[in-house]
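Keep in mind it's a predicted model, so treat the numbers as computed, not measured. Sequence lines set the chain letters: A, B, ... in the order given, protein chains first and strands last, and positions in each chain run from 1.
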Amino acid sequence: MSASGSWGHDALGKTEAALIEARRENLAALRAAGLDPFLQTRYPVDATAAELAARYAFLENGAAAEAEGWNLAGRLLSKRTMGKTIFADLEDRTGRLQLYVRRDRVGDDGFAAWQHCERGDVVGVRGTMFRSKMGELTLQVREFAVLAKALAPLPDKWSGLQDVEKRYRQRYVDLIVNPEVRDTMILRSRLIAEMRRFIDGHGFHEVETPTLLHVAGGAAARPFVTHVNALDQLMQLRIATELNLKRLIVGGMERVYEIGRIFRNEGIDTTHNPEFTMLELYAAYWNVDDMRAFNEDLIARLVDVATGGKTVLEYDGTAISFARPFRTVGYLEAIATHSAGRFTRERLLDPVGASGVLEALELPSSPTHGHALDKIFERVVEPHLVDPTFVIDYPVVISPLAKRKADDSELTDRYELFCANMEISNAFTELNDPDDQRARFEAQMRERASGDEEIPEPDWDYVRALEYGMPPTAGIGIGVDRLIMLLTGSRSIRDVLLFPLQRQHG
RNA sequence: GCGCCUUUAGCUCAGUCGGUAGAGCAGCGGACUUUUAAUCCGUUGGUCCCGGGUUCGAGUCCCGGAGGGCGCACCA
């Protein structure tokens, strides 16, 4: 970095350069006073803004509690100088606390040093608590240290950072000035922790399976391709964790789950990011109905945490009720209901009939029967699925890894949970008959050959694993980001991802 | 990939009919010992996203490009 304050990349405008230069002068002044911020290594924090707010809730306006002193550290978010006193707002990970600095308390040198502290700086303060005449809990500063100097100017203190492009590209700035962003990300973290706690409580083991695979299977999606130098081989980034987790079921681990990053080389929009987080969980000796009950328990628990004990969640202006039990409807029955009985089982389960339904809906033709069914369901039923709804009994043609229903071989023991028009979970009793699995992979190979590029190459070792015997098992996949969107009221997946994918600047 | 919208000071935003580039905040100088979007006085600051074109004259109109947002398409 040059002495002029250049960033080393984008050329700075004169205004910004002047702002940075002014901050560098303050840094130089602190150094001259022997208070170099960048020489500090630690600060003995013994309190947080939230703890102090709770502890001193009893203080009445104008009252002080001078017997106890506290060390607090955080970022200065505003500073109001009034002659020989300064008011400032300090923010730490728990919230904000007002600071009060008097020249007659910190001394002439200390007060002079405060002149060189500004919005954005990270400081550590020691002092005692009082409540101002206006009722604001405040720490009166006795001692302080500047722990880091902010050379770059922060966005407007009132408007924050609105420019969405800059918010995503410089998320650190967004997090500093837009408290709701940090609230959302922290809630995400808490919800995922709760998810783990809940699942662990049911005797599951969390595992990690490879991201780099020779054949990315377990879903229909275009994979990312990369090269492994050591092997001089092309590999794919996983598009699901399904097949490896079921190998662990074969191996006798019985209850396993993974919360992991999945990569799909497809579109980017408000509900899709090329890398996203998926929870997949498998339980030996459960069937799809056991899984449905587990799923409902899990979602209800997370809604409880997210709402602080309510069963109704506001999402995009709509109140969504998570009152139990969740609604259940058959896949074919739902399509029939929402088409006034026109699209019958007979039409839908016949490839030619399904094509006719696509035409009736003025949808483009589909490469495969399964693809057509997906399009039909998406158009006819999904817009109606606002409150949480289990859609059950999916046709076998769109469920290549699910077990057929005992009493209806064209349907599977599978459900998807929808909420706010989004698919939240996909679960089924796992197909464990290796011969049936091999036949379905062979059918997929024919569909792939006929032009559906999203259908993966079969993973034949997975069939071999089934030949060693997989117990009856139920599995579930949950799109964690979309679930978090729902639970945090976020309308875009980018608002629940810390660093959503953005195009490289030119 | 297609359509619509958007890009002006560090930030948030105005900018009329094509006629010298504006405000608030931040910054800088000054006053102020319970303020809190502190207040008051003064003040600096512009690659109007980029490149062409039309015009006496373009932030403004036209063409092309880039970034971003939304919708569609895609996405079990």
[X] [atom1] to [N] [atom2], straight-line distance once rounded to whole Å:
X: A:L139; N: B:U35; atom1: CG; atom2: C1'; answer: 16 Å
X: A:K84; N: B:U35; atom1: NZ; atom2: C1'; answer: 16 Å
X: A:E25; N: B:G29; atom1: CD; atom2: C1'; answer: 13 Å
X: A:M82; N: B:A31; atom1: CE; atom2: P; answer: 14 Å
X: A:D374; N: B:C74; atom1: CG; atom2: C1'; answer: 13 Å
X: A:Y100; N: B:U36; atom1: OH; atom2: C1'; answer: 13 Å
X: A:I86; N: B:U34; atom1: CD1; atom2: C1'; answer: 14 Å
X: A:N26; N: B:G27; atom1: CG; atom2: C1'; answer: 11 Å

- Query: According to the interplanar angle, ranging from 0 to 90°, do the rings of A:Y331 and A:F377 count as parallel (below 30°), tilted (30 to 60°) or perpendicular (above 60°)?
  - Reply: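 Taking A:F377 first and then A:Y331, their aromatic rings lie parallel (interplane angle under 30°).
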- Query: Would you call the rings of A:H338 and A:H384 parallel, tilted or perpendicular, where under 30° means parallel and over 60° means perpendicular?
  - Reply: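 Because their plane-to-plane angle is under 30°, the rings of A:H338 and A:H384 count as parallel.
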- Row check, A:F499 ring normal vs A:R171 NZ/CZ: under 6.0 Å, within 45°: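 So A:R171 doesn't make the cation-pi contact.
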Per [X] side chain, nearest of listed nucleotides [options]:
X: A:E136; options: B:A38, B:U36, B:G68; value: B:U36
X: A:S492; options: B:C70, B:A73, B:A76; value: B:C70
X: A:K133; options: B:U33, B:U34, B:U36; value: B:U34
X: A:V164; options: B:G69, B:U35, B:A76; value: B:G69

NA contact type, [X], heavy-atom cut-off 4.0 Å: base, sugar-phosphate, or nothing?
X: A:R105; value: nothing
X: A:Q98; value: base
X: A:R491; value: nothing
X: A:T271; value: nothing
X: A:F130; value: base
X: A:Q444; value: base
X: A:Q502; value: sugar-phosphate
X: A:Y394; value: nothing
X: A:A18; value: nothing

- Query: Where each residue is assigned the nucleotide of RNA chain B containing its nearest heavy atom, which of A:R264 and A:R494 is assigned the position nearer the 5′ end?
  - Reply: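 This one resolves to A:R494.
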- Query: Hey, does A:T488 have a side-chain heavy atom less than 4.5 Å from the side chain of A:V496?
  - Reply: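 A side-chain contact exists here, since the closest heavy-atom pair is under 4.5 Å.
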- Item | B:C74 and B:C2, which share atom name P, separated by this distance in whole Å |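 One P to the other, the span is 16 Å.
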- Message: Distance criterion of 3.5 Å, no angle test: do you see the side chain of A:S132 paired donor-to-acceptor with the base of B:U35?
- Response: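 Checked by distance alone, the answer is yes.
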- Item | Donor-acceptor contact below 3.5 Å, side chain A:N421 vs main chain A:E382 |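 Checked: pair present.
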- Backbone N or O of A:L77 within a donor-acceptor pair of the A:R119 side chain at under 3.5 Å?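 Yes: the side chain of A:R119 pairs with the backbone of A:L77.
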- Could A:R440 and A:E447 be called an ion pair, given the rule that one side-chain N must be under 4.0 Å from one carboxylate O?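 Looking at A:E447 together with A:R440, the answer is no, because their closest N to O distance does not fall below 4.0 Å.
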- Task: Indicate, with yes or no, if the rings of A:Y257 and A:Y282 have centres closer together than 6.0 Å.
- Result: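 Judged by ring-centre distance (under 6.0 Å), A:Y257 and A:Y282 do not meet the cut-off.
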- A:F130 ring center within less than 6.0 Å of A:Y100 ring center: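 Here the rings of A:F130 and A:Y100 have centres that are less than 6.0 Å from each other.
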Might you list the N or O atoms of the protein lying below 3.5 Å from N or O atoms in nucleotides 9-15 of chain B, with each pair's distance?
from	atom 1	to	atom 2	distance (Å)
B:G10	OP1	A:T15	OG1	3.3
B:G10	OP1	A:E16	N	3.2
B:C11	OP1	A:K166	NZ	2.7
B:C11	O2'	A:D156	N	3.1
B:C11	O2'	A:G160	O	2.9
B:U12	OP1	A:Q162	N	3.0
B:U12	OP1	A:D163	N	2.9

